[in-house]
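Structure first, then comments.
For this chain, numbers begin at 1 and follow the sequence in order. Being a predicted model, the structure only gives us computed values, none of them experimental.
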Amino acid sequence: YEESLAVLDQALVKYPGYLDLMTARSISLVRMERYAEASAQADAVLAVDPSVPGAWFWGGAAREQLGDLTTALRFMEKATELAPTWTYAH
């Protein structure tokens, strides 16, 4: 995931604010167990567009690992609400 994060960082220099890249960065950070950074990255996506289910899901996954279960559950529920057929959200 280190390499994917480096590629995403390079892409974000070229395309700042591209929400799919920002969400992918959150995924990489969760996979690398860098949960505080993943949570902040998901929050950055949601500040721009609160309708991105992946940001809700991965932000929730990060918060779960940080021990904030109440917020994690709220984030997961929102991901499911926005994308009821998305496998990750269940």
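Within the 3.5 Å criterion, the main-chain N or O of Y1 finds a donor-acceptor partner in the side chain of S4.
In terms of heavy-atom proximity, A72 sits nearest to G60 at CB-O, 3.3 Å. Contact record, Y35 with A62: O-CB, 3.5 Å, taken as the closest heavy-atom pair.
F75 and W86 are assigned to two separate hydrophobic clusters, defined by single-linkage of ILVMFWY side chains at heavy-atom distances under 4.5 Å.
Counting only heavy atoms from C-beta outward, the side chains of T23 and F57 never approach each other to under 4.5 Å.
Here the OG atom belonging to S39 is positioned 12.0 Å from the CD atom belonging to Q65, to the nearest 0.5 angstrom. One finds the CE atom of M32 at 6.5 Å from the CG atom of L29 (value rounded to the nearest 0.5 Å).
Partners of I27 under the side chain to side chain contact (heavy atoms under 4.5 Å, CB included) rule, at least two apart in sequence or in another chain, are R31, W58. For Q10, there are no side-chain hydrogen bond (donor to acceptor under 3.5 Å, both in side chains) partners two or more places apart in sequence or in a different chain. Here L82 pairs with P53, W56, K78 under the side chain to side chain contact (heavy atoms under 4.5 Å, CB included) rule; sequence neighbours left out.
Pairs passing the salt bridge (Lys or Arg N to Asp or Glu O under 4.0 Å) check and including a residue from residues 1-14, sequence neighbours excluded, read D9-R25. Here salt bridge (Lys or Arg N to Asp or Glu O under 4.0 Å) pairs that include residues 48-75, with residues two or more places apart or in two chains, are D43-R63.
When hydrophobic side chains of Ile, Leu, Val, Met, Phe, Trp and Tyr are connected at separations under 4.5 Å, L21 ends up clustered with L8, L12, Y15, Y18, L19, M22, V45, V48, V52.
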